[in-house]
There are 2 protein chains.
Amino acid sequence: MSATLPAAVVPGADASASKDPAAPAFSPLYQQIKALITRGLQSGEWRPGEAIPSEAELALRFKVSQGTVRKAIDALADENLLVRRQGKGTFVATHAEEKTQFRFLRLTPDDEGSGRGMSRRFIDCRRQRASTDIARVLDLKAGDAVVQIRRLLLFRDRPVVLDDIWLPGHLFKGLTAERLSENRGPMYGLFETEFGVRMIRAEEKLRAVAADEATARWLDVPVGAPLLSVERLSMTYGDKPVELRRGLYDTSAHYYRNELS
Amino acid sequence: MSATLPAAVVPGADASASKDPAAPAFSPLYQQIKALITRGLQSGEWRPGEAIPSEAELALRFKVSQGTVRKAIDALADENLLVRRQGKGTFVATHAEEKTQFRFLRLTPDDEGSGRGMSRRFIDCRRQRASTDIARVLDLKAGDAVVQIRRLLLFRDRPVVLDDIWLPGHLFKGLTAERLSENRGPMYGLFETEFGVRMIRAEEKLRAVAADEATARWLDVPVGAPLLSVERLSMTYGDKPVELRRGLYDTSAHYYRNELS
DNA sequence: GAGTGGTCTAGACCACACT
DNA sequence: GTGTGGTCTAGACCACTCC
């Protein structure tokens, strides 16, 4: 049997055109399978924490070999969309049941041995209209509804991070300070289970800034103290931005860690 | 034929013990092949920029199937130790011929459209004895020889980064300010071609700090201005630390970018 | 034991680069 | 055309989990 595009061909792009001059660019089978699985994740066919069908079953469904399904799943596991567990199955990744609270927080205390000790305190949660800045970044129209959250992270009861968070209002109807405070576990877990918004990926921009008066009060540092400013844009499926977060970190007893390779 | 450990078994760990209670932990074949290839890289059998033997040839040499070699190479390519080029071969990664000068520098100007414009200026390069701090981090004894380099990075002739770099003296004999200045291309390329030290991986610790007087002069900012402090520890094969770098970044017109996933 | 992912093999063909 | 990596297949067996 030839290896050219069985039943699984993804109906995209130039299905009509007979001979595009520019870019036919047909993708390998396993990438098409990957796209099909991603679609299943996005549509909610398999929900976070659940198992997806076995490799054999997916191979049957898509009419390809198990090896091809395997390569597609491998790629999705690399991107942290799926989690493989030998002997049990392949599961949709979730923020909801993670031991690692603060999975995306790259802040580490100077004295390593400490381990836990992070807590949080919600200061504010309100609905308002998006400024042009916020709207542009979140791919909204200026004036659209947004939810703004302000919160503090504390390490051993000392404030370390002041976060301002903006979310598209239409995706987070009914999000209140109460809902946030009641929630045990990661905030992204709440977003996932209560609002069906799953964070896949994020970009951060870091700078050093001086503490203004209000910030200095919240973080209990002198006005003008150097703070690490972390601006995070989080994306869901299809690289759609769904959260903007501006954090100010007091790095006098913590550092932001990063790996290069 | 059974799939259990052909001729390629890596002679490691518990080759002697008959039945360890704790951890026999034999690794899959492709990981053993990966280790063998890594050894070839480390020993200089294949040098940076050169091609390694074809998959078929390696499969013959190691007495495994091409698929197994492929998986080993895939892993090494993921770690940026090898670079695959379809139709040409698989090459040892190198810093020497990289278009991307400053591959590890995560600093981006606020006005994107700018593109190039980074230049550098070496201020100092001297041999001295390692302080206890530096020695500990670089895995040396206090008092061992180290090379210290100080340099400035400029963007459009404006100073942006002040770097202090420490290198183990025994690995970098004969490194002088002249050698550094004459060198076109990445500094890590020079380390690679002239001293046989290849940077594989690095860890960075970021904090916000206030500019002291000397730094303020070099970066042309007010004393006390907030600066991004970036402490980088670079590793070569076997995770051996071979460079410590402390950078101070003026982030008033640039930001440090990072990806989370 | 049944079901799952994990490893390994062998062989076919495709896409690309050089010559 | 020859040689390289890239994709796809089919089947075998191993390792782990749960019943």
Side-chain angles (χ1 to χ4, degrees), chain A residues 1-10 23-37 46 49-78 80-93, chain B residues 1-10 23-37 46 49-78 80-93:
Chain A
M1 189 204 294
S2 154
T4 40
L5 309 181
V9 183
V10 58
F26 265 54
S27 54
L29 239 195
Y30 76 88
Q31 282 192 20
Q32 301 180 34
I33 303 301
K34 186 186 159 198
L36 290 174
I37 297 176
W46 311 301
E50 291 179 4
I52 69 171
S54 72
E55 295 180 353
E57 197 174 326
L58 288 173
L60 267 180
R61 172 183 322 185
F62 295 136
K63 305 264 230 326
V64 299
S65 79
Q66 180 174 343
T68 300
V69 170
R70 171 157 267 274
K71 199 162 178 186
I73 292 180
D74 279 344
L76 291 169
D78 281 347
N80 295 311
L81 295 192
L82 296 177
V83 178
R84 323 193 71 140
R85 285 185 227 159
Q86 179 170 135
K88 301 177 74 173
T90 300
F91 298 78
V92 183
Chain B
M1 188 203 296
S2 154
T4 40
L5 309 180
V9 183
V10 58
F26 264 53
S27 55
L29 239 195
Y30 75 88
Q31 282 191 19
Q32 301 181 34
I33 303 301
K34 185 185 160 196
L36 289 174
I37 297 176
W46 310 301
E50 291 179 5
I52 68 171
S54 72
E55 296 179 354
E57 198 175 326
L58 288 173
L60 266 180
R61 174 187 317 189
F62 295 135
K63 305 264 228 330
V64 299
S65 80
Q66 180 174 344
T68 300
V69 171
R70 172 157 268 273
K71 199 163 178 186
I73 293 180
D74 279 345
L76 291 169
D78 280 349
N80 295 311
L81 295 193
L82 296 176
V83 178
R84 321 194 74 139
R85 287 187 224 156
Q86 178 169 134
K88 301 176 75 173
T90 301
F91 298 78
V92 183

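Labels below follow one simple rule: chain letters A, B, ... track the order of the sequence lines, proteins then strands, and each chain is numbered from 1.
- Contact check for V92(B) versus L81(B): no side-chain heavy atoms found under the 4.5 Å cut-off.
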With 3.5 Å as the limit, what N/O pairs link the protein to nucleotides 17-19 of chain D?
unit_1  : atom_1 : unit_2 : atom_2 : d
dC18(D) : OP1    : K88(A) : NZ     : 3.3

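- Of the side-chain N and O atoms in R85(A), none sit less than 4.0 angstrom from OP1 or OP2 of dC16(D).
- L29(A) has its CG atom 14 Å from the P atom of dC14(C), to the nearest Å.
- Taking atom CG of residue L82(A) and atom P of nucleotide dT4(C), one finds them 16 Å apart after rounding to whole Å.
- To the nearest angstrom, P of dG6(C) lies 12 Å from CG of D78(A).
- For the pair I33(B) CD1 and dT7(C) P, the computed distance is 14 Å after rounding to whole Å.
- K71(A) places its NZ atom 7 Å from the P atom of dC8(D), with the value rounded to the nearest Å.
- For the pair F91(A)/E50(A), no side-chain contact is recorded, criterion being any heavy-atom separation below 4.5 Å from C-beta on.
- Between S65(B) and the phosphate of dC8(C), there is no side-chain N or O to OP1/OP2 separation shorter than 4.0 Å.
- At least one side-chain heavy atom of R70(A) sits less than 4.5 Å from a side-chain heavy atom of R84(A).
- The side-chain heavy atoms of L58(A) and I33(A), taken from C-beta on, include no pair separated by under 4.5 Å.
- We find that CG of L60(A) is positioned 12 Å from P of dG11(D), with the value rounded to whole Å.
- Side-chain contact between I73(A) and E55(A) is present, with heavy atoms from C-beta onward closer than 4.5 Å.
- Checking the phosphate oxygens (OP1, OP2) of dT9(C), a side-chain nitrogen or oxygen of T68(B) falls inside 4.0 Å.
- Closest approach of I37(B) to W46(B), counting heavy atoms only: O-CZ3, 3.6 Å.
- Distance, Q66(A) CD to dT7(C) P: 13 Å, rounded to whole Å.
- Distance, R70(B) CZ to dC8(D) P: 12 Å, rounded to whole Å.
- The partner of dT19(C), taking Watson-Crick or G-U wobble pairs whose two distances both stay under 3.5 Å, does not exist in any strand shown.
- Here T90(A) does not reach the OP1 or OP2 of dT4(C): none of its side-chain N or O atoms lies under 4.0 Å away.
- Taking the side chain of P28(B) as heavy atoms from C-beta on, and the options dG6(C), dT7(C), dT9(C), the nearest nucleotide is dT7(C).
- Mapping G89(B) and V69(A) onto DNA chain D by nearest heavy atom places G89(B) closer to the 5' end of the strand.
- Under the side chain to side chain donor-acceptor pair (under 3.5 Å) criterion, Q31(B) pairs with no residue at all, not counting sequence neighbours.
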